[in-house]
Amino acid sequence: MTDFHPVAFYLIATTVIGCAIGVVVFKNLIHSAISMVCCFIGVAGIYILLKAELVAVAQVLIYVGAISILILFAIMLTRHRSGDISIFFHRQSWVAIPIVALVFIVLAGVLASARYNASPESMNLPTREMASLMFNQYAFPFELVSLVLLVAMVGAVLLASKEKKP
Amino acid sequence: MTALQHYLLLAVALFCIGAWGVLARRNIILVIMCIELMLNAVNIALVAFSNYTFGGSGKGQVFVFFVFAVAAAEVAIGLAITIAQYRLRERTSVDEMKEMKG
């Protein structure tokens, strides 16, 4: 475990988990969105710790830059009611906590007991080789995903545009 | 615990918090935000496995970029549906979205 920095990891992991809990429990949607942005920045830090610089930069560009702005605009375009806690959480929402806790315990138990064929050190491809992997071996899925993105954007514009009743 | 298990435990915790938000909250925009948290957790697991196993082949990181693209598409569609629904009914609560027809 030579290249694992425990202090940096625990610092960033605490930030990520804390901000993620904030997203769920804040009553004001804008506060939730800001908390989500902090969580995304923390996840970018995790990628840096994993030596995946390209993914970290893409995370900051796409999530922190684009997706959070989209969500903030959607919050601003809709009006939200304020009131007591029943407006924000379902009546049955207490059931969700034991279910999620059970899922967490099962998953954590599995990953703690499983044997990995893992190397002790994190290894990463240089960006140049990542790009050649993406544009040679995975060229077809790459084109397919761009098509998915195009179709989704056209569909979003169609859905959100004001239609004129004849 | 090895270093890989630290990252995987973080991914599991983030995924479960996102699932909690999806199950418990009423506002549809917040549900979309929590789905983003869950996708981020999956991305952490992908990058961690990619860099610690099979000699760091980097294939998991390529998949992370695909997940990015699909997440962007999902947010765009989800928010467009939210705004279309809001124009129609002035509601953003998932409990009140019983029908999607215009």
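- Of the atoms belonging to B/L14, heavy atoms from both backbone and side chain fall under 4.5 Å from chain A.
- If you measure heavy-atom distances from A/V151 to chain B, you find no contacts under 4.5 Å at all.
- For A/A101, no part lies near chain B; criterion is any non-hydrogen pair under 4.5 Å.
- In this structure, A/I75 CD1 and A/S32 OG are separated by 7.5 Å, a value rounded to the nearest 0.5 Å.
- Of all the listed residues (A/V25, A/I67, A/V157, A/V148), the one sharing the greatest number of non-hydrogen pairs under 4.5 Å with chain B is A/I67.
- The shortest distance between side-chain heavy atoms of A/V43 and B/N43 does not fall below 4.5 Å.
- The choice from B/I83, B/V70, B/V47 that makes the most heavy-atom pairs within less than 4.5 Å of chain A is B/V47.
- Using a 4.5 Å cut-off between heavy atoms, A/Y47 touches chain B through its side chain atoms alone.
- Within the 4.5 angstrom heavy-atom criterion, no atom of A/F73 approaches chain B.
- Note: A/T78 leads A/T78, A/L107, A/V145 in heavy-atom pairs under 4.5 Å with chain B.
- The aromatic rings of A/F142 and B/F66 sit tilted, their planes meeting at an angle between 30° and 60°.
- Contact count against chain B (heavy-atom pairs under 4.5 Å) is highest for A/I17 among A/V16, A/V103, A/L150, A/I17.
- At a 4.5 Å heavy-atom cutoff, the contact between B/Y7 and chain A is made by backbone and side-chain atoms alike.
- When side chains are defined from C-beta on, B/I28 does not count as touching B/Q85, because their heavy atoms never get closer than 4.5 Å.
- For chain B, the nearby part of A/I62 is the side chain; its heavy atoms alone come within less than 4.5 Å.
- With a 4.5 Å cut-off on side-chain heavy atoms, A/H31 and A/V23 do not count as touching.
- Under the 4.5 Å side-chain criterion, counting only non-hydrogen atoms from C-beta, A/F40 is in contact with B/L37.
- For a residue to count as touching a neighbouring chain, one of its non-hydrogen atoms must lie under 4.5 Å from one of that chain's; by this rule A/L54 touches chain B with backbone and side chain alike.
- At a threshold of 4.5 Å between non-hydrogen side-chain atoms, the residues B/E74 and B/I32 count as touching.
- A donor-acceptor pair under 3.5 Å is absent between the side-chain atoms of A/T15 and the main chain of A/G42, judged by distance alone.
- The greatest number of non-hydrogen atom pairs below 4.5 Å with chain B, out of A/G155, A/A58, A/A108, is found for A/A58.
- A distance-only check finds a donor-acceptor pair linking the side chain of B/Q5 to the backbone of A/L111 [under 3.5 Å].
- In this structure, the side chains of A/I97 and B/W20 come closer than 4.5 Å at one or more pairs of heavy atoms.
- With a threshold of 4.5 angstrom between heavy atoms, A/E129 does not approach chain B through any atom at all.
- At a 4.5 Å heavy-atom cutoff, the contact between A/Y138 and chain B is made by backbone and side-chain atoms alike.
- For the set B/L8, B/V12, B/L9, the entry with the most heavy-atom pairs within less than 4.5 Å of chain A is B/V12.
- Listed for the B/T82 side chain is a donor-acceptor partner under 3.5 Å among the backbone atoms of B/G78.
- Proximity to chain B is absent for every atom of A/A66, based on heavy atoms less than 4.5 angstrom apart.
- With chain A as partner, the option from B/G21, B/C16, B/C34, B/A13 having the largest number of non-hydrogen pairs under 4.5 angstrom is B/C16.
- Heavy atoms of A/P141 lying under 4.5 Å from chain B belong to its backbone as well as its side chain.
- With a 4.5 Å cut-off on side-chain heavy atoms, A/Y63 and A/S68 do not count as touching.
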